[in-house]
Protein chains: 2
Amino acid sequence: MYSYKYPHPAVTVDCAVFGLDDGDLKVLLIQRDLEPFAGSWALPGGFVKLEEDLEASARRELEEETGVTDLYLEQLATFGAPDRDPRERVITVAYLSIVNLFDHPVTAATDARKAAWFPVDALPRLAFDHEDILDLALARLRSKLRWQPLGFEFLPEKFTLTQVQRLYETILGEALDKRNFRKKILSTGLLVPLEEVETDVAHRAAQLYRFDRKEYARLQKKGYGFEI
Amino acid sequence: MYSYKYPHPAVTVDCAVFGLDDGDLKVLLIQRDLEPFAGSWALPGGFVKLEEDLEASARRELEEETGVTDLYLEQLATFGAPDRDPRERVITVAYLSIVNLFDHPVTAATDARKAAWFPVDALPRLAFDHEDILDLALARLRSKLRWQPLGFEFLPEKFTLTQVQRLYETILGEALDKRNFRKKILSTGLLVPLEEVETDVAHRAAQLYRFDRKEYARLQKKGYGFEI
DNA sequence: CCAAAAGTGTTAGAGATACACCCATGG
DNA sequence: CCATGGGTGTATCTCTAACACTTTTGG
């Protein structure tokens with residue numbers, strides 16, 4: 001039992017984790033096992049421990065509820081409407097996250113019946129205000145993608161330029177010109193061609209590239225912009 | 001006295017309020033009256049009430065501590081390092097705010113000995129992790145200014161193009177070309193020329209403009225970008 | 001008439017866009 | 001040999017950046 005002189009709200013973290021499955025942008029949801037909203041789908045998340053950093057909470061909850069680890073994570077916003085949780089005042093710090101969903105198999109656990117990927121345009125009703133959180137996360141994802149090379153988080157380590165282009169087209173929802181896209185994306189200097197090509201394809205094998213994280217970190221320091 | 005099954009952190013809001021005083025970008029600080037950090041300068045802010053929305057808390061604390069009301073406010077980020085407050089675990093939701101400092105006279109109050117504007121390049125040591133919060137707020141201010149017409153929040157209702165240009169130059173820290181700046185800023189269609197000119201100046205009186213908030217709201221809805 | 005800031009157009013260069021065909025591979 | 005996607009260059013246009021003088025007003 002914990003006592004305070006002044007009332008303290010509960011604080012949770014919730015994660016909007018996006019992945020790309022062929023032509024579908026998907027989001028990772030869990031089915032709640034406990035009230036309130038038992039049986040409903042929700043963003044993975046949970047209570048922040050007292051001695052735990054916020055981002056660490058987000059990573060822990062994600063791992064506990066979905067088995068997903070090792071992912072790109074950034075703070076999105078904090079949602080604190082007084083009535084957003086029927087139990088008590090709960091303020092939630094929302095995180096935006098991006099993974100390559102093939103590298104991150106999901107497995108339900110704590111407080112969750114199951115975890116699964118849903119296409120963002122075919123979602124079930126979500127618990128709490130998680131639809132609002134997700135809307136904001138999607139808007140942020142689309143706008144960040146245009147001027148930061150976040151997209152590579154969706155891809156495997158080695159990828160082709162066509163994969164990158166499809167990724168952008170899927171998330172932005174518009175077709176892009178192949179030659180112009182390649183020029184732009186290569187002109188960033190962030191893509192390193194490997195000495196390898198695709199295998200097992202029934203057509204000319206594409207050049208493989210990797211994303212140069214070090215170079216990106218360097219560029220970011222001295223102010224950096226690109227634009228798709 | 002309040003009791004919980006699980007420990008709850010305290011939650012506060014803190015505001016980085018910027019104002020423009022001629023050639024100086026200033027930030028509003030309060031001198032703390034209570035421990036911890038009694039006597040130190042800090043961002044205005046305080047504990048969130050249990051039934052109170054986050055943004056409402058920020059507005060209330062600002063009014064209580066500095067007398068400033070009626071301002072532009074947007075959520076910046078949430079800071080939650082476990083040891084950021086020596087008393088107990090305190091998670092703070094930081095807000096970014098912009099005012100015309102001549103329209104918003106400050107008056108110290110609750111929990112504060114006094115409130116005052118400080119130039120951002122001549123700050124005292126700040127309490128807690130408020131220097132980190134302020135750094136982030138400044139970075140966000142500068143980057144937002146380039147592609148959103150936030151700057152008008154600094155200005156009085158009626159202003160001249162030269163005032164707008166000075167504002168941008170002060171915050172971005174670089175000189176801008178007068179003709180190009182005017183072309184760009186007018187081409188947004190967000191500035192409405194008034195049937196008035198400056199008065200009491202010892203030179204040619206400049207055209208006065210107002211910022212068209214309605215038009216801006218309209219543009220924002222259908223996706224909108226500009227770039228200084 | 002002098003000081004101070006307001007106001008105004010043009011040109012050159014860079015970057016963005018539009019666009020179509022040949023190539024390599026596996027089946 | 002055919003189907004599939006991989007890979008490539010150029011011309012046009014638009015947007016940006018650089019740049020200097022005349023006008024108005026008050027003192």
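Below, chain A is the first sequence line, B the second, and so on; all start at residue 1.
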For this session: Would you confirm whether A/Thr160, through its side chain, and A/Leu208, through its main-chain N or O, come within 3.5 Å as a donor-acceptor pair?
Result: no
Exercise. Say you draw a straight line from CG of A/Leu134 to CG of A/Asp14; how long is it, rounded to the nearest 0.5 Å?
Worked result: 11.0 Å
For this session: Measure from CZ on B/Arg182 to C1' on C/dA6 and round the result to the nearest Å.
Result: 6 Å
Problem set entry | N or O in side chain of A/Thr162 less than 4.0 angstrom from D/dG5 OP1/OP2 | no
For this session: State which residues pass side-chain hydrogen bond (donor to acceptor under 3.5 Å, both in side chains) with A/Asp103; sequence neighbours excluded, sorted by chain then number.
Result: A/Asn100
For this session: Can you tell me the distance, in whole Å, between the CZ atom of A/Phe181 and the C1' atom of C/dA18?
Result: 17 Å
Exercise. Could you state the CD1-C1' distance from B/Ile185 to C/dT8, rounded to the nearest angstrom?
Worked result: 17 Å
Seminar exercise, completed: Going 5' to 3' through nucleotides 10-22 of chain D and flagging B where a protein heavy-atom sits under 4.0 Å of the base, S where only the sugar-phosphate is that close, and - otherwise, we get B------BBBB--
For this session: Return the 5'-most residue of the pair B/Leu208, B/Ala202 with respect to DNA chain C, ranking by each residue's nearest nucleotide.
Result: B/Ala202
Problem set entry | Toward the 5' end of DNA chain D, by each residue's nearest nucleotide, B/Ala205 or A/Ala206 | A/Ala206
Exercise. How long is the line joining CG of B/Leu186 and C1' of C/dG9, in whole Å?
Worked result: 15 Å
Exercise. Roughly, in whole Å, what's the span from CZ in A/Phe159 to P in D/dG5?
Worked result: 20 Å
For this session: Can you sort out the partners of B/Pro124 under side chain to side chain contact (heavy atoms under 4.5 Å, CB included), two or more places apart, ordered by chain and number?
Result: B/Leu29, B/Trp41, B/Phe118, B/Leu126
Problem set entry | Separation of atom CD in B/Gln207 from atom C1' in C/dT8, rounded to whole Å | 14 Å
Problem set entry | Pairs involving residues 135-146 of chain A, ordered by first then second residue, that meet side chain to side chain donor-acceptor pair (under 3.5 Å) (sequence neighbours left out) | A/Glu74-A/Lys144, A/Arg146-A/Glu174
Exercise. Contact class for B/Thr160 vs. all strands (heavy atom < 4.0 Å): base, sugar-phosphate, or nothing?
Worked result: nothing
Exercise. Partners of B/Arg210 by side chain to side chain contact (heavy atoms under 4.5 Å, CB included), sequence neighbours excluded?
Worked result: B/Val192, B/Leu194, B/Asp212
Seminar exercise, completed: Atom CD of A/Glu198 and atom P of D/dG6 are separated, to the nearest Å, by 6 Å
For this session: Return each pair, listed once, that meets salt bridge (Lys or Arg N to Asp or Glu O under 4.0 Å) where at least one residue sits in residues 150-171 of chain A; pairs must be two or more places apart or across chains.
Result: A/Glu153-A/Arg213, A/Lys158-A/Glu196
Exercise. CD of B/Glu196 versus C1' of D/dT25: gap in Å, rounded?
Worked result: 18 Å
